[in-house]
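Both ligands and their constituent atoms are indexed starting at 1 by order of listing. Numbers here simply count residues along the sequence, with the first being 1.
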Amino acid sequence: ARHLLGIEHLKPDDIRCILDLSEHYVGLNRQPVKHADALEGLTQINMFFEASTRTQASFELAGKRLGADVMNMAMQASSLKKGETLIDTALTLNAMHPDLLVVRHPQSGAVDLLAQKVHCAVLNAGDGRHEHPTQALLDALTIRRAKGRLQRLTVAICGDIAHSRVARSNILLLGKMENRVRLIGPPTLIPARAAEFGVEVYDDMKEGLAGADVVMMLRLQKERMDGAFIPSEREYYHRFGLDADKLAFAKDDAIVMHPGPMNRGVEIDGTLADDINRSVIQEQVEMGVAVRMAAMDLLARNLRATLSQGAGHV
Ligand code: CP
């Protein structure tokens, strides 16, 4: 493929291919590959129109470890402030011949739109409530390493599903890989058409977590709630916050995940989040660099193949 815009467009074999190459970049004994030449001579521009710690840092590190020239656009200081549109900004950067554009944007669909206007490979680093494909891929790699497989698992995704692109990409990926996905949360935070995605829906942690292999917690995305009903944090934590007592409803060896950023004491107990016997939250961050290296490596191979076929700048 030319771009990585969403899990929606990937086949199970594509997912396996990205995860297998990611294992190479995780390195033997988890000593990561820090110098490679897969992106040598290529230019990567990161455009983050929304705050990020993990995704932006890991895409930057991934590009540098693969030998790319990496530029982070300071979008807050760009001419967007003077009224330039997203598309004009993209066309301006496109004229400088980047090879890879990594884009995060608050509007669902903005990254797809941008990808239609530029000549380089575009990677979706999260668009509105739509998709966050590299997050789902790094979650999949973390699960596969912890459980030894990525199929026939029961995965409970808990919390604010309605506003979460992480949930959407994970539901798509886990479904494609033949896992059972459960959504747990207050009805106001579960999308009305969730059942169409082939998932089971619960509003009770005890019922939803019963027999789960993986428990994935999500943050309350207040910035996307548009003044809609938000339960008080105390009440929310009481009913839906994950602590050791609620985790006991899941399988004894269930792992705890969170994409971050995490609000301790709101959706997850801080001590549980730090418990290295149950929580794989730091591994998720570690896998993020490897998965982004693999995704950009594969897109670059495609880019070079197209160029060598004489198609010019794709
Ligand atoms: N998980 C995730 O996307 O984190 P950031 O917002 O910090 O990039």
Side-chain angles (χ1 to χ4, degrees), residues 4-8 18-19 22 44-65 70-76 100-111 122-143 145-146 155 157-174 189 214-225 242 255-264 266-268 270 273-274 279-296:
L4 177 57
L5 298 175
I7 298 298
E8 191 181 355
I18 297 170
L19 299 188
S22 302
Q44 171 190 339
I45 300 182
N46 297 334
M47 300 167 71
F48 279 67
F49 297 88
E50 218 184 42
S52 169
T53 297
R54 282 146 285 268
T55 313
Q56 182 161 5
S58 59
F59 263 117
E60 180 177 355
L61 212 49
K64 287 179 173 167
R65 286 182 178 177
V70 184
M71 185 174 87
N72 287 308
M73 280 293 295
M75 299 318 301
Q76 299 305 324
L100 297 147
L101 269 185
V102 178
V103 187
R104 169 171 288 191
H105 198 278
Q107 299 291 329
S108 302
V111 183
V122 175
L123 293 102
N124 182 359
D127 64 323
R129 306 175 186 188
H130 178 226
E131 280 234 38
H132 192 350
T134 55
Q135 179 69 45
L137 288 161
L138 76 88
D139 290 340
L141 184 62
T142 308
I143 294 171
R145 288 172 65 92
V155 181
I157 306 178
C158 315
D160 181 2
I161 315 289
H163 301 100
S164 176
R165 55 197 176 209
V166 174
R168 193 165 189 281
S169 289
N170 264 299
I171 290 166
L172 290 168
L173 188 152
L174 292 164
L189 297 180
V214 176
V215 184
M216 194 180 286
M217 302 309 297
L218 298 174
R219 179 176 69 88
L220 288 175
Q221 302 213 7
K222 292 183 179 172
E223 70 275 23
R224 299 191 213 284
M225 289 187 185
L242 188 71
I255 56 169
V256 175
M257 304 181 74
H258 195 308
M262 173 164 62
N263 291 136
R264 293 168 184 259
V266 179
E267 71 271 6
I268 190 165
D274 296 334
S279 165
V280 293
I281 294 171
Q282 295 307 319
E283 277 92 330
Q284 287 175 266
V285 178
E286 181 183 342
M287 296 309 125
V289 181
V291 157
R292 287 161 183 136
M293 288 172 84
M296 291 196 291

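- Using modelled atom types, one side-chain atom of D127 and one backbone atom of E131 make a donor-acceptor pair closer than 3.5 Å.
- Note that CD of Q135 is 7.0 Å distant from CG of N170, once rounded to the nearest 0.5 Å.
- The line from CE of M216 to CD1 of I161 is 9.5 Å long, rounded to the nearest 0.5 Å.
- Looking at ligand 1, you'll find an N or O of S52 within less than 3.5 Å of one of its N or O atoms.
- Distances from ligand 1 to the non-hydrogen atoms of R104 include at least one value under 4.0 Å.
- When V166, D139, V285, T55 are checked for heavy-atom proximity to atom 2 (C) of ligand 1, T55 turns out nearest.
- In this structure, the protein non-hydrogen atom closest to atom 7 (O) of ligand 1 is T53 N, 2.8 Å.
- Using a 4.0 Å cut-off to heavy atoms of Q135, the atoms of ligand 1 that qualify are 1 (N), 2 (C).
- Interface of G260 with ligand 1, defined as ligand atoms under 4.0 Å from a residue heavy atom, comprises 1 (N), 2 (C), 4 (O).
- No cation-pi contact links R104 to F48, judged by a cut-off of 6.0 Å to the six-membered ring centre and 45° from its axis.
- Where the criterion is an N or O separation shorter than 3.5 Å, residue side chain and backbone included, P261 fails it with respect to ligand 1.
- The closest side-chain donor-acceptor pair between R219 and H258, if any, does not fall under 3.5 angstrom.
- Of all non-hydrogen atoms in N124 and L5, the two that sit nearest each other are ND2-O, 2.9 Å.
- A salt bridge links D274 to R264: one of the charged nitrogens lies within less than 4.0 Å of a carboxylate oxygen.
- Nearest non-hydrogen protein atom to atom 4 (O) of ligand 1 is R54 NE, 3.0 Å.
- Under a 4.0 Å heavy-atom criterion, G126 is not in contact with ligand 1.
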